[in-house]
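No hydrogens, no waters, no symmetry mates; every other heavy atom, side chains included, goes into these values. Both ligands and their constituent atoms are indexed starting at 1 by order of listing.
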Amino acid sequence: MGFATIAVHTGSEPDESTGSVTVPIYQTSTYAQDALGKHKGYEYARTQNPTRSAVERNVAALEGGRFGFAFASGMAAIDATMRLVKAGEHVVVSDNTYGGTSRLFNSILANYNVEFDYVDTSDPLNVEAAIKPNTKMVFIETPTNPVMIVTDLNEVSEIAHRAGARVVCDNTFMSPYLQRPLEFGVDIVVHSTTKYLNGHSDGVGGIVVLNDEEDANWIGFVQNSAGAILSPFDSWLVLRGTKTLALRMEQHDKTGRAVAAFLEEHPKVRKVYYPGSVSHPQHALARRQQYGFGGMVAFDVGSLAAARTVLESVNLCTLAESLGGVETLISHPATMTHASVDEAKRERLGITDGLVRISVGIEDTDDIIADLDQALDKIEQDFED
Ligand code: P1T
């Protein structure tokens, strides 16, 4: 079956008792049991819920994985995945990730004696050099949030596996339509379903997909024991969202390319970060391991004042955190999504005060470009240096 067919049908088989073509929202906390120890496979809703199982099967199939576990947020999914690492063990991490990911690692998990080293994973040699005898995981984001650095999934997986470490990839920016990391040897995929998988900016969630049965049993055990589960209604929203994932990603990708090309030609824009641009340092790699380039574009307008002008002059684009919804969102990583990253590191990565990030929606491409054009035109000459 093709991707779009799986997206519509897997996990969403018509309900056996009524024929309902959408999976019902099983809004219950518990299940009646016939007798002591005799039940229908469902005991308590933290442990099992049919709506959650449906979305877990659906997204696992889309990623080409055997097991899926849905969580209350992307961060909860990442936190549960990190429970595969124990005190005294070491993790190599992409040095640019979503700010909340490095905050979880540095401010919480480091207190439990887990060691983290951050390297530029776009060069696999940096990963190789960072591996230590106690390295148990390599955690990558590709393309990264927000400066779109691309990591070679195949090469990094080979290096990590030689050292006996698992590879985890945060695939939020691409969605399984545009990138399926398990195909390249990655062990575990995580997503913030809040973004493209839900796709409608109306629910927060996360999911973990993997093939290894032992690790899957552990993630399932953590999901039930720590309990950060995705609610039945939010599960249903993600299931509703993935049905149109293929169509939406085609449009995000088409407009993403057009917006990046427009920004590259604009005199007020100093730098564009988009793996689809031939000038992107890992453009060739992105072509090899992605099925498109997607709808996330970042660009630098040189100063906080210029960025403020753009962010406050747009009309169609909405100034907001988050991404991956049908509506275009525009944001300022340095003060919003990456405020928890220290200033020196932000500067080094290119997350400057002049950096603006757009999540292009599925509105008409020309309307999005016209809105950005009029906002960029409002940048005063004085702001430019
Ligand atoms: O917000 P939550 O569902 O918990 O997902 C966290 C997360 C994980 N991974 C990536 C790559 C992300 O981008 C995010 C959340 N990002 C934003 C809120 C944002 O605006 O970038």
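A side chain to side chain donor-acceptor pair (under 3.5 Å) with T242 is found for exactly one of N198, N58, T193, namely N58. Applying side-chain contact (heavy atoms from CB on, under 4.5 Å) to L372 and the options V360, V356, V297, I330 leaves one that passes, I330.
Aromatic ring centres of Y44 and Y31 lie farther apart than the 6.0 Å criterion allows. In this structure, Y274 has its ring center at least 6.0 angstrom away from the ring center of F299. Aromatic pair H252/Y196: centroids less than 6.0 angstrom apart.
When heavy-atom distances to ligand 1 are checked against a 4.0 Å cut-off, L323 comes that close only through its side chain, counted from C-beta outward.
Close N/O approach between T194 and ligand 1 is found [any backbone or side-chain N/O within under 3.5 Å]. Annotation: I78 places no N or O atom under 3.5 Å from an N or O atom of ligand 1; distance criterion only. Residue-to-ligand polar distances place G74 within reach of ligand 1: an N/O pair is separated by less than 3.5 Å. Not a single N or O atom of T337, backbone or side chain, sits closer than 3.5 Å to an N or O atom of ligand 1. Remark: ligand 1 and N145 share an N or O pair separated by less than 3.5 Å (distance only, no angle test).
At a 4.0 Å cut-off, at least one heavy atom of S322 sits close enough to ligand 1 to count as contact. Heavy-atom separations between R357 and ligand 1 include at least one value shorter than 4.0 Å. For S331, the heavy-atom gap to ligand 1 stays at 4.0 angstrom or more. Proximity of H191 to ligand 1 is not established, as no heavy-atom distance is less than 4.0 Å.
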Open item on the list: With ring-ring contact (aromatic ring centres under 6.0 Å, His included) as the criterion, how do F293 and H283 come out once you've worked through the C-alpha distance, each side chain's angles and the decisive distance to 0.1 Å?
Closed with: CA-CA 9 Å; F293 304 109; H283 174 68; 5.6 Å; yes

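In this structure, atom 15 (C) of ligand 1 lies nearest to the protein heavy atom K195 NZ, 2.9 Å. With hydrogens left out, the protein atom closest to atom 7 (C) of ligand 1 is Y98 CD2, 3.4 Å, a heavy atom.
Less than 4.0 angstrom separates some heavy atom of T172 from each of these atoms of ligand 1: 9 (N), 10 (C), 11 (C). Close approach to G205 involves these atoms of ligand 1, each under 4.0 Å from a residue heavy atom: 3 (O). Close approach to S73 involves these atoms of ligand 1, each under 4.0 Å from a residue heavy atom: 3 (O), 4 (O). The atoms of ligand 1 that sit less than 4.0 Å from any heavy atom of E141 are 11 (C).
When V204, I207, T97, D170 are ranked by how near their heavy atoms come to atom 8 (C) of ligand 1, first place goes to D170.
Atom CZ of R46 is surrounded by more than 12 heavy atoms from other residues, nucleotides or ligands within 6.0 Å.
With no hydrogens or angles considered, no side-chain donor-acceptor pair links T30 and E43 at under 3.5 Å. Counted by atom type alone, S107 and R103 present zero donor-acceptor pairs between their side chains at under 3.5 Å.
In this pair, F221 and W218 present their aromatic rings parallel. The plane angle is below 30°, not in the 30 to 60° band.
Closest of all the heavy-atom pairs between D215 and R166 is OD2-NE, 2.7 Å.
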